[in-house]
Amino acid sequence: MTCWLMKTEPDTFGIDDLATRPGQTEPWDGVRNYQARNFIREMRPGDEVLIYHSSCAQPAIVGIADVAGEPRPDPTQFDPESPGHDPRSKPETPRWYLVDVRYRAHLPRPVSLAALKAQAEAFEGLLLLSRGRLSVLPVSAAHRDRILALGKG
DNA sequence: GCCAACGTTGGC
DNA sequence: GCCAACGTTGGC
């Protein structure tokens, strides 16, 4: 079972929004990057997800969620009204995928990007630090444990 | 298949 | 709001 990190902009849809959704679950649509897409397709129900807030005053890992279902085609790619519309996508050959993400908990203390950078050796290899623009990425068990330890109250 | 132009992400 | 990094597109 893999642990993942998924980014979101709190001004648009933050962890508080996730926590107050019906079923505390949201289809994580709109990912339009091939590397991120490939990671989504590797996700399995029950996998743990770290929720990261980006493009905000304090970029940080703010909580824990899990993967609530199998990866499936992102329906917004077929919707001409959606900003995620991709005219190249056909229902029989979908290009973009999503998973449903279910809220589990806030971290008692957010783990800021600055805090991660301050322990650069400990977080060596963490794609959040080396692939700044990747919005979905795997997190090793060791890094995950360390992040949760930092996030304890 | 190379590479320049362009667009987007996201920290600061 | 600026700008660096870098993924994507499209001409050749």
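Chain identifiers are assigned alphabetically (A, B, ...) following the order of the sequence lines, protein sequences preceding nucleic acid strands; residue numbering begins at 1 within each chain.
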message: Rounded to whole Å, how long is the line connecting atom CG of A/Leu127 with atom C1' of C/dA5?
response: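 Interatomic distance, CG of A/Leu127 to C1' of C/dA5: 15 Å.
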
A/Val62: which of A/Leu107, A/Ile15, A/Asp16 passes side chain to side chain contact (heavy atoms under 4.5 Å, CB included):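 Single side chain to side chain contact (heavy atoms under 4.5 Å, CB included) partner of A/Val62 among A/Leu107, A/Ile15, A/Asp16: A/Ile15.
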
Got a list of protein N/O to nucleotides 6-10 of chain C N/O distances below 3.5 Å?
from	atom 1	to	atom 2	distance (Å)
C/dC6	O4'	A/Arg133	NH1	2.6
C/dC6	N1	A/Arg133	NH1	3.4
C/dC6	O2	A/Arg133	NH1	2.3
C/dC6	O2	A/Arg133	NH2	3.2
C/dT8	OP1	A/Tyr34	N	3.4
C/dT9	OP1	A/Arg88	NH1	2.5
C/dT9	OP1	A/Arg88	NH2	3.3

- request: For the pair A/Arg37 and A/Asp74, find out whether any cationic side-chain nitrogen is under 4.0 Å from an anionic carboxylate oxygen.
  value: no

Report yes or no: does [X] contribute a side-chain atom to a donor-acceptor pair with the main-chain N or O of [Y] at less than 3.5 Å?
X: A/Asp145; Y: A/Ala142; value: no
X: A/His143; Y: A/Glu124; value: yes
X: A/Arg104; Y: A/Asp66; value: no

